[in-house]
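First listed ligand is number 1; within each ligand, the first listed atom is number 1. Side chains included, hydrogens not; waters and symmetry mates left out as well; all remaining heavy atoms used.
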Amino acid sequence: MSERDFSKIKRVVVKIGSSSITHKESGGADLIRLEKLVRELTDIHNGGRDVVLVSSGAISVGLKAARITDTYYDGSAEEDGPDNKLALKQAAAAIGQARLMMLYQKFFAEYSQLTAQVLMTKRTVTNDWNRLNVRNTFRELMNLGVIPVVNENDSISTYEIQFGDNDTLSAMVTALVDADLLILLSDIDGLYTDDPRKNKDAEFIPYIERLTDRFDSFAKGSTGSLSGTGGMATKIHAAHIATDSGADMVIANAADLNVIHRIMAGEDVGTLIRGHRKQDFYLKDYFSDD
Ligand code: GLU
């Protein structure tokens, strides 16, 4: 099935989950993987493409950096009510996001690659002015040759204004910047007919020409990894947004980060879902409660 030809792709969004850039045991940043990720992205950029990275990891890295242990996190914070537990998580995100950006800056600088941070909430997309502004900001950043690093603004986003998962955020960013391709990297090889961890008969789906509602049932009941929030359901939801906006999407395993340039070279890795621009595509339609 070598119908994949990404040679004409001009703009790509890559999403990486917390579990792919942090250590499972401690939650701390995995420097070796971060460095590889940055090298892969800079190389795509050097090849003449615009690149945007959507990176999770702020909360995980922040919890580790501030030595917020499970006992402290689940115990003492809860005594003061659930709001404080949220506040603690948001404080961890503030610490972790800064640390993560420091690492991204350092690794990108090694390749003389400019980077920048863009933090968003759901409101950035639902509010017309904010949406216009962030779109313009992305455009200018890419004109300047920058690889923006995007995350949810976890320190201020509460339930009403949060995306909740970076799968959805990355699809929104794909639509906002008119990317041709979204590469969604996770700890799973791609899309299966059922959860392969629970059902041995689950079959891998390498290619979807057109994403229909039929595929939504494949993701039912599937859970995400331990440190991230996105399961298969959020990936399918993200795929609806990205492919309706006209972008192709590849869901692939981040176990080996070489997968990024292999995908760009057109290799058959992961699940490819073809984009078909919806005529009346309107980003705000993808929020059920707004
Ligand atoms: N924004 C969260 C973080 O940086 C991650 C959300 C997700 O796992 O999708 O920690």
Carboxylate-amine/guanidinium contact R11 D180, below 4.0 Å:
no
With a cut-off of 4.0 Å, which atoms of ligand 1 are near a heavy atom of D165?
9 (O)
When you look for heavy atoms under 4.0 Å from ligand 1, do you find them on the side chain of N151, its backbone, both, or neither?
side chain
Just jot down the salt bridge (charged side-chain N to carboxylate O under 4.0 Å, His left out) partners of R131, sequence neighbours excluded, or say none.
D128
Rounded distance [0.5 Å steps], CG in L182 versus CG in D248:
10.0 Å
Look at ligand 1 and say whether G57 reaches it with a heavy atom at a distance under 4.0 Å.
yes
Main-chain N/O of R33 paired with D30 side-chain donor or acceptor, under 3.5 Å:
yes
Hey, is ligand 1 close enough to E152 that some N/O pair sits below 3.5 Å?
no
Quick one: which ligand 1 atoms are inside 4.0 Å of a heavy atom on I59?
3 (C), 10 (O)
Take the angle between the ring planes of F204 and Y192 and call it parallel below 30°, perpendicular above 60°, tilted in between.
perpendicular
With backbone taken as N, CA, C and O and side chain as the heavy atoms from C-beta onward, which portion of N166 lies under 4.0 Å from ligand 1: side chain, backbone, both, or neither?
both
